[in-house]
Amino acid sequence: MTDENRTGLGRRPFIAGGAGLLGAVLAGARPAGAQSAARRGTLVIGLDISDATSLDPARVAQYSNPLPAHTAWDSLVTFTPGDYVNVKPLLATEWAYQPDGKTIRFKLRNDVKFVSGKPMTAEDVRFSLQRVMNLKDQPQQYIAHVESVKVVDDHTVDMVLSDPTQPILTIIAAPEFVVMEKAAVMEHGATDAPDAKEKDTATNWLNDNSAGTGAYRLTGWQRNQQIQMVQNPNYWRGKPGFERVLIRHMSESAAQLLALKRGDIDVAFNLIPEQVATLKDDPAIEVKGATSLDFIYMAVAASPANPALQNKAARQAIGYAIDYDGIIRNLIGGNAVRPVSFLPVGVNGSTEALTKEIGFREDLPRAKKLLADAGLPDGFSFQLAYGNAAIAGVQYQNLAQKIQADLARVGIKAELAPMDQLNLRTMYLGGKAQGVLTFWNPPAPENLLWASATIDRVAKRVHWDVAPDVRKLVADAAAERDITKSGALYRKYQEVMVDQANHFVLIQPIYQVAMRKTITGVQLTAAGWMAELSGAKPV
């Protein structure tokens with residue numbers, strides 16, 4: 001279960017269906033030496049695409065569709081893999097706040113063409129962003145503070161904010177906020193009018209086609225089978241390395257592993273750790289790792305049904321009774337880090353060193369003292385609910401059992417309650433849960449998307465009445481444009497989260513992705529779209 005239903009890297013194990021002529025070619029594929037020229041010209045990726053409901057960028061809100069969206073379309077700004085603090089130019093070469101304090105002026109590249117060969121202009125940018133705003137699908141909520149987008153000249157556009165204290169650059173790097181060729185998509189029913197939510201009819205076409213500036217052009221999507229893309233001959237960064245990209249739907253990790261070894265696929269997302277271990281000595285395959293911005297956490301509510309959990313010291317005792325190192329070592333093979341609280345390691349103000357300094361850590365004597373301070377020297381009981389599912393190769397069941405054993409050492413009894421994911425989500429969102437194991441991933445690497453959630457909707461789920469000074473702290477951190485000062489404020493926010501003791505982050509996975517050595521240039525990223533494919537090419 002995820003609160004913001006989006007992706008960092010691919011998360012579930014997978015394999016395969018193919019269709020049409022290319023599918024037939026791939027079905028007979030063998031290791032690299034025997035592959036046909038057609039196969040060598042195609043980058044084949046294994047990814048579970050069963051969650052995708054649309055490939056229209058303005059409606060992207062699931063796990064798998066950000067990857068093809070980012071590959072086919074470009075945004076104004078971006079993040080380079082591994083750096084999720086500093087925004088970098090993409091279609092915009094530079095930007096600056098104007099004297100009014102609420103307008104950002106973007107200067108656009110003047111050498112960019114769409115796949116049609118027509119040049120990109122500021123009007124295309126205005127239309128694209130205005131369409132997202134007026135479609136009012138899930139991505140719109142992240143830019144709700146954008147008042148308008150205005151054309152200054154063919155290569156300059158102004159974005160006017162209704163609330164300039166809210167961040168925007170980190171958010172519009174996401175693949176929902178891309179630039180479309182206005183004329184091309186309008187031919188297929190797109191509109192940026194105020195009634196776009198009712199009148200726009202372009203989504204069906206955009207599910208199978210693209211009119212962007214990305215390295216590849218979308219040419220088809222067969223649900224639960226595959227997504228096809230072809231090389232963009234007008235790509236502004238130069239000729240892409242492959243003639244085609246094929247994303248194959250994959251649902252079983254064992255079959256995915258076999259397909260990778262056979263050479264039927266080039267990239268395998270989310271093999272489980274045991275399968276990754278079998279590839280270490282394979283001369284044809286390399287394993288790349290990237291720390292995600294996602295995490296598995298335990299929420300503990302000040303539940304009206306459990307007086308013990310309403311005592312902050314009792315909740316803090318839970319935090320000091322957990323063997324965090326053992327969880328990471330034994331359940332995910334050491335392939336994870338752990339943040340202080342709700343800001344993952346890698347974003348501004350969150351580091352592993354800070355976790356060691358101010359975060360929860362295993363300290364049983366301290367846990368017992370906190371229980372005594374709470375008037376519960378013999379411990380207490382609470383229900384710990386979780387879904388019948390796995391994330392990053394970790395079964396919630398195994399994690400729950402580990403936590404149960406850890407807490408028992410200080411007299412805290414976790415009563416395990418496995419259930420269907422839908423029922424769990426209903427319980428948690430409705431504020432009915434005492435304790436929950438669940439998963440979090442954001443739509444973009446913006447600190448406020450994590451922090452605001454904890455003091456708003458997630459706070460309601462755990463019955464936390466957030467004090468005004470905490471709300472001001474988060475608002476000030478988000479409004480501060482100096483990265484160092486903002487990081488210092490977010491440190492204070494994390495100190496508040498530890499003291500409040502409603503959330504315990506257990507695992508921030510380092511996702512491991514296996515690739516054949518016949519390809520190069522695939523860069524993993526946790527920025528929201530799993531990988532950069534524009535530089536990929538055959539060896």
Side-chain angles (χ1 to χ4, degrees), residues 6-16 32 42-51 63-68 70-71 79-82 84 175 226-227 241-242 245-296 332-337 344 346 390-394 439 441 507-539:
R6 276 291 313 277
T7 189
L9 290 175
R11 296 176 176 72
R12 295 186 291 268
F14 326 98
I15 197 166
T42 303
L43 174 64
V44 186
I45 295 172
L47 179 66
D48 184 349
I49 59 174
S50 61
D51 67 297
Y63 283 119
S64 60
N65 47 11
L67 177 60
H70 181 72
T71 304
F79 288 97
T80 54
Y84 310 117
Q226 61 189 17
I227 296 170
F242 288 93
V245 172
L246 180 69
I247 300 175
R248 297 177 66 182
H249 172 58
M250 312 184 78
S251 59
E252 296 178 6
S253 61
Q256 179 188 17
L257 179 64
L258 177 60
L260 181 70
K261 288 185 173 182
R262 285 168 55 92
D264 294 344
I265 63 173
D266 299 303
V267 184
F269 280 95
N270 279 48
L271 296 176
I272 63 175
E274 292 83 352
Q275 293 165 336
V276 170
T278 68
L279 299 174
K280 289 183 178 177
D281 298 322
D282 192 318
I285 296 171
E286 65 176 329
V287 176
K288 292 186 177 182
T291 302
S292 71
L293 296 181
D294 316 323
F295 49 74
I296 302 171
I332 200 168
N335 296 304
V337 296
I391 294 292
V394 177
F439 186 80
N441 64 292
I507 296 173
Q508 183 182 333
I510 299 172
Y511 285 106
Q512 294 181 294
V513 178
M515 305 182 190
R516 292 195 66 83
K517 292 183 179 179
T518 50
I519 67 168
T520 187
V522 175
Q523 293 182 286
L524 302 180
T525 179
W529 48 87
M530 296 193 277
E532 294 283 351
L533 303 182
S534 60
K537 60 184 179 181
V539 171

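Everything quoted here is computed from the prediction, not taken from an experiment.
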Qualifying residues under side chain to side chain contact (heavy atoms under 4.5 Å, CB included), relative to P81, sequence neighbours excluded:
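With neighbours one apart ignored, the set is Q523, T525, E532.
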Among residues at least two apart in sequence or on other chains, which ones pass side chain to side chain contact (heavy atoms under 4.5 Å, CB included) with K288?
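Scan of K288 (side chain to side chain contact (heavy atoms under 4.5 Å, CB included), adjacent residues dropped) gives E286, M515, L524.
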Looking at [X] and [Y], what are the two nearest heavy atoms and their distance?
X: I49; Y: H249; value: N-ND1, 3.2 Å
X: M250; Y: G46; value: SD-CA, 2.7 Å
X: P538; Y: G241; value: CD-O, 3.3 Å
X: I285; Y: A514; value: CG2-CB, 4.1 Å
X: T42; Y: F242; value: C-CD2, 3.7 Å

Given side chains that start at C-beta, do those of K280 and V287 come closer than 4.5 Å, heavy atoms only?
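No; the side chains remain at least 4.5 Å from each other.
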Measuring only between side-chain heavy atoms, which start at C-beta, is L47 closer than 4.5 Å to M530?
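Result yes, sub-4.5 Å side-chain heavy-atom pair found.
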Okay, side chain of [X], backbone of [Y]: is any donor-acceptor separation there less than 3.5 Å?
X: D294; Y: P509; result: no
X: R516; Y: L260; result: yes
X: Y84; Y: A526; result: yes
X: Q508; Y: L293; result: no

Rounded distance [0.5 Å steps], [atom1] in [X] versus [atom2] in [Y]:
X: I247; Y: L533; atom1: CD1; atom2: CG; result: 7.0 Å
X: I227; Y: N65; atom1: CD1; atom2: CG; result: 7.5 Å
X: I519; Y: K537; atom1: CD1; atom2: NZ; result: 12.5 Å
X: T518; Y: L43; atom1: OG1; atom2: CG; result: 9.5 Å
X: Q256; Y: L271; atom1: CD; atom2: CG; result: 4.5 Å
X: D264; Y: R248; atom1: CG; atom2: CZ; result: 6.0 Å

